[in-house]
Amino acid sequence: MTSGRRRTARPFPWRRSLWIAFLLAPALVVMMLFVLWPLLSAFRFAFYEFNGLRPTGFIGLENFRQVLFEKPFSDWTYNALKHNVIAFFALMVFENGTAFLIAFALLKALPGHRVHQVIVFLPVVLSAVIVGFLWKLFLHPLFGLVNQALALVGFGAIPWLGNESTALGSVLFANIWHWLGFPTLVLLAGMQRISKDVIEAARLDGAGDYVLMTKIVWPLIAPSVTIVTILTFIGSFNWFEIPYVMAGLTGSPGGATDVLGLYFYRTAFGSTTSGIQDFGQGSALAVMMFIIVAGVTAIALRYLRRREIEL
């Protein structure tokens, strides 16, 4: 007997594969041209001596030896690395700590909390260059709004970006103001996933805000904390735009705001003040930055994922 059912024609498997390849091709081409190829080129150039942008010969690990152990290059390297480390811990404590408190306050859904979410996130959509110029004007020693506000309460003008003791803190403050909204929304999204029954049960047991934050909310948003921590570390070691706009390519004054991104760019392409250009050393610095970021990120991610399971 012949069945009255009509068999639906299935598309050939190769057509589906071809369609997927067609959709992925543009993204893969962009990744290969602008990410993979420059990365592999930097690894290769780090082992060559350069005359301008032209390689002149293979020198092995000499570029790495110079930037790590030969003065004055080693001093510049460790000074910039120190500032990146300081930036990471400062952002973790002040930016992410403040973001956690703001997120917890927004979780209570007080009147106007939607408006406050927009206000907190609004600086994030601004360009880092715009933020840098904006805060450079605010911190100007003569006509900046910050010094004018301090003058109203009897304080004298402070050269925020011209003093070694305040320059790095000023740049970090501008960066915190710029990016505070991002970890706030990430942590808030994690908090909103917590069951309301858990929060209400804790309230009925007499838990105050401090106990609720430290004993219940903090452990339950561990995945969000992992994301924020990893992105903060990567961002602090790729820091470039705001220090460059606010303090210049040399990390003035006296290298107080110098970071690895500035030092790499200054070494690889030179600057109007230093005049030094060594693409081999710059590539070595880029490779070191990649190894630091990739290595520490992999270790931290494994530890933080294990912490999520334990919590």
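No hydrogens, no waters, no symmetry mates; every other heavy atom, side chains included, goes into these values. Keep in mind that this is a model prediction, so the values were computed, not measured.
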* Looking only at side chains, do N84 and W239 share a donor and an acceptor under 3.5 Å apart? -> no
* Asked: Going through the checks in order, is the side-chain contact (heavy atoms from CB on, under 4.5 Å) test met by L107 and Q192?
  -> CA-CA 7 Å; L107 182 66; Q192 290 174 339; 4.0 Å; yes
* Any donor and acceptor pair, going by atom type alone, linking the side chain of T267 with main-chain N or O of G282 inside 3.5 Å? -> no
* To do: With the side chain counted from C-beta on, respond yes when I20 and R16 share a heavy-atom pair under 4.5 Å apart, and no when they do not.
  => yes
* **Distance, nearest 0.5 Å, that separates CZ of F47 from CZ of F64** => 4.5 Å
* Verdict with reasoning, F34 to V30, per side-chain contact (heavy atoms from CB on, under 4.5 Å) -> CA-CA 6 Å; F34 297 103; V30 171; 3.9 Å; yes
* Quick one: does S252's side chain have a donor or acceptor within less than 3.5 Å of a partner on A247's backbone? -> yes
* Asked: Looking at CG of L168 and CG of L172, how far apart are the two atoms once the value is rounded to the nearest 0.5 Å?
  -> 4.5 Å
* Polar contact flag, side-chain donor to acceptor under 3.5 angstrom, T250-D258 -> no
* Derivation and outcome, ring-ring contact (aromatic ring centres under 6.0 Å, His included), residues F45 and F50 -> CA-CA 9 Å; F45 293 155; F50 275 76; 5.3 Å; yes
* Asked: Got F237 and M289 here, is their nearest side-chain heavy-atom distance under 4.5 Å?
  -> no
* Asked: Are R44 and Y48 in a cation-pi contact, defined as NZ or CZ under 6.0 Å from the six-membered ring centre and within 45° of the axis?
  -> yes
* Asked: So, does S236 use its side chain to make a donor-acceptor pair with the main chain of F233 at under 3.5 Å?
  -> yes
* Ignoring hydrogens and angles, tell me if any N or O in the side chain of S74 forms a donor-acceptor pair with the backbone of V67 under 3.5 Å. => no
* Give a yes or no on whether the backbone of A298 and the side-chain of Y303 come within a donor-acceptor separation of less than 3.5 Å. => no
* Would you confirm whether D278, through its side chain, and Q281, through its main-chain N or O, come within 3.5 Å as a donor-acceptor pair? => yes
* Structure fact -> When rounded to the nearest 0.5 Å, the distance separating CG of N175 from CG of L180 is 10.5 Å
* Asked: Would you say N147's side chain and I158's backbone share a donor-acceptor pair under 3.5 angstrom?
  -> yes
* Asked: Transitively linked via ILVMFWY side-chain contacts under 4.5 Å: L188 with F121?
  -> yes
* To do: Go through the steps to decide whether L139 and M246 satisfy the test side-chain contact (heavy atoms from CB on, under 4.5 Å), and finish with yes or no.
  => CA-CA 10 Å; L139 298 173; M246 294 185 65; 3.8 Å; yes
* To do: Quick one: pull up CZ in F138 and OG in S170 and give me the separation to the nearest 0.5 Å.
  => 13.5 Å
* **Residue pair G208 / R203: nearest heavy atoms and the distance that separates them** => C-NH1, 3.8 Å
* Structure fact -> Value for CG (L231) from CG (N238), rounded to nearest 0.5 Å, stands at 11.0 Å
* Sidechain-backbone polar pair: D205 side chain, A207 backbone, donor-acceptor under 3.5 Å -> no
* Asked: Is Y78 atom OH crowded by more than 12 heavy atoms from other residues, nucleotides or ligands, each under 6.0 Å away?
  -> yes
* V228 side chain reached by F182 side chain, heavy atoms, under 4.5 Å -> no
* Main-chain N/O of V129 paired with S127 side-chain donor or acceptor, under 3.5 Å -> yes
* Any link between V131 and I119 through a network of hydrophobic side chains (Ile, Leu, Val, Met, Phe, Trp, Tyr) touching at under 4.5 Å? -> no
* Asked: Nearest 0.5 Å, what's the NE2-CH2 distance between H178 and W135?
  -> 12.5 Å
* Where the side chain of T257 meets the backbone of P243, is there a donor-acceptor pair that is under 3.5 Å apart? -> no
* To do: Look at atom CZ of F43 and say whether more than 12 heavy atoms of other residues, nucleotides or ligands are closer to it than 6.0 Å.
  => yes
* To do: Grab the two heavy atoms, one from H116 and one from L106, that are nearest each other, plus how far apart they are.
  => CB-CD2, 3.8 Å
* Run the numbers on F104 and M213 for side-chain contact (heavy atoms from CB on, under 4.5 Å), then give the verdict. => CA-CA 8 Å; F104 185 78; M213 284 191 298; 3.4 Å; yes
* **Cluster overlap M288 with L40, hydrophobic side-chain contacts below 4.5 Å** => no
* Side-chain heavy-atom pair F269, F279 within 4.5 angstrom cut-off -> yes
* Sequence neighbours excluded, every pair satisfying salt bridge (Lys or Arg N to Asp or Glu O under 4.0 Å) that has a member inside residues 214-234 -> none
